[in-house]
Amino acid sequence: MKPIQVGLLGAGTVGSGTFKVLLRNQEEIKRRAGRGIEITMVADLDAARAREVAGEGVKVVADAREVIANPDIDIVIELIGGYGIARQLVLEAIAAGKHVVTANKALLAVHGTEIFAAAHAKGVMVAFEAAVAGGIPIIKALREGLTANSIQWLAGIINGTTNFILSEMRDKGLDFATVLKEAQRLGYAEADPTFDIEGVDAGHKVTLMSAIAFGIPVQFDKAHIEGITKLAAQDIKYAEQLGYRIKLLGITKRTAQGIELRVHPSLVPSKRLLANVEGAMNAVVVHGDAVGTTLYYGKGAGSEPTASAVIADLVDITRLHTADAAHRVPHLAFHPDAMSDLKVLPMAEVVTSYYLRLRVADQAGVLAKVTGLLATAGISIDAVLQREADEVGGEGSTQTDLIILTHDAREGTVNDVLAELQALPTVLQPIVRIRKEELS
Ligand code: HSE
């Protein structure tokens, strides 16, 4: 049978890896897919780069619309990124009856509802394994492997840049700004790292996983997002002394009240596997009612790891494109007419536990006052650590750090009590609050 023909939009790092892996493993891929898969056309504004990536016999064009207009192309791979022109091109490719493979988490997390509806109406597939956690087949696992389960929660380290920075901060005791500069020098962080360090990239990915896990529409605008820019080396050290590591987690949970959807730094018990995922690696823990807890680990970015996911989608589409559209795996795991309207909870309604650090005056009654206010608010304390004043502020210091771990509490209640604590004259600096996940 004639190979299925693929057009590639964007000949960057992942595009180059896709060419390499397709070529290197072409025989095995063909035996799996049932027919050959060939990229026959590439569009990139940088013609020289595209030419170098594509090799002999591949048509290189500057205008992506030439690829979409080519009737011989069955599948379009979108590796341009962003929500701008990429959205337009993906919608045009769908309208032209092409299947689409994309690594674009931002596009799907924000415009997924529109894009999946257009694909459904046209009877084409939009595949996005590469959009979440690079080479880890987490979309496949959630959408198919765990399909028997009522998924209860998932939590993931889904941004390699921030995990690298946090690992370095912990290992070397350095502050955020110093490690960020080093990460940029080594190429682990982009020149503009905003999306990574502010948690936006992880927010896009957890939004997609949440939709698939619970059968809800993609709702990035409802996700609570905090990055790692305000984390102090001091808190990483205190957390360690209490038996925890700090990780940037993407978390989504099913509760009786609705769905939690959030990204923020979290204390994780050091003994958990997730706490020991170091450097730029990614990992996702998924808890299903039947299977229990499962863990997926691997490279979340990079040329060939991401190409591995792109090609898996090409193989899936090659196998399924002649199947009746109604018998394919639905984009978001649940059939479009069977989606849930469970609401995404505002952060104030989320229930979790907390690490609090208060810089306080080292004098009689301060601890009693602080714990008294927590008790009045119904917040139960799990552990307290108080440093010697000399250790915190130098010899003769009259200040110290008071670190409190709480049991589960409602975020809105915690916000109220933190405002009261902050107003105490003996609380000398802004209180540090980091959420804590036991993941048990
Ligand atoms: N910038 C991402 C990361 C990879 O650092 O994990 C692509 O989403």
Side-chain angles (χ1 to χ4, degrees), residues 10 12-18 77-83 86 101-112 127-139 142 154-169 176 179-212 218 220 223 225-229 231 246-251 263-266 274 277-285 296-313:
T13 314
V14 178
S16 155
T18 305
I77 307 176
E78 182 274 309
L79 297 176
I80 296 168
Y83 329 95
V101 173
T102 180
N104 193 337
K105 60 231 76 176
L107 175 66
L108 295 180
V110 176
H111 297 291
F128 53 97
E129 185 63 71
V132 182
I136 305 174
I138 187 64
I139 300 298
L142 285 170
L154 66 83
I157 294 171
I158 44 181
N159 182 270
T161 306
T162 45
N163 202 51
F164 174 82
I165 292 172
L166 293 177
S167 299
E168 290 288 291
M169 286 175 74
F176 170 77
V179 177
L180 174 61
K181 276 204 200 91
E182 180 65 358
Q184 284 174 311
R185 195 182 64 76
L186 293 171
Y188 282 107
E190 309 268 350
D192 178 1
T194 315
F195 263 33
D196 293 318
I197 62 179
E198 297 293 358
V200 178
D201 176 74
H204 291 146
K205 294 166 181 168
V206 74
T207 296
L208 289 171
M209 291 195 288
S210 181
I212 294 172
V218 284
F220 176 68
I225 312 269
E226 281 174 39
I228 63 167
T229 54
L231 266 186
I246 299 181
K247 295 290 183 187
L248 183 71
L249 295 186
I251 299 168
V263 172
H264 49 69
S266 305
L274 208 54
V277 172
E278 298 290 7
M281 299 305 281
N282 281 200
V284 183
V285 176
Y296 309 83
Y297 170 86
K299 288 187 179 154
S303 177
E304 291 202 8
T306 312
S308 164
V310 167
I311 295 168
D313 281 345

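Bear in mind that the values here come from a model prediction, so they are computed numbers and not experimental data. Ligands are counted one by one from 1 in listed order, and the atoms in each one are counted from 1 as well.
Applying the side-chain hydrogen bond (donor to acceptor under 3.5 Å, both in side chains) rule to Glu78 yields the partners Thr102, Asn104; only residues at least two apart in sequence or on another chain are considered.
The minimum heavy-atom distance linking Ala130 with Thr306 is given by the pair CB-CG2, 3.8 Å.
Protein residues lining ligand 1, listed by chain and number: Lys105, Asn159, Gly160, Thr161, Asp196, Asp201, Lys205, Ala301 [non-hydrogen atoms, distance under 4.0 Å].
In this structure, Lys205 contributes its side chain and Gly250 its backbone to no donor-acceptor pair below 3.5 Å. In this structure, Thr18 contributes its side chain and Ala307 its backbone to no donor-acceptor pair below 3.5 Å.
More than 12 heavy atoms of other residues, nucleotides or ligands sit less than 6.0 Å from atom CZ of Phe164.
Contact check for Asn159 versus Phe195: no side-chain heavy atoms found under the 4.5 Å cut-off.
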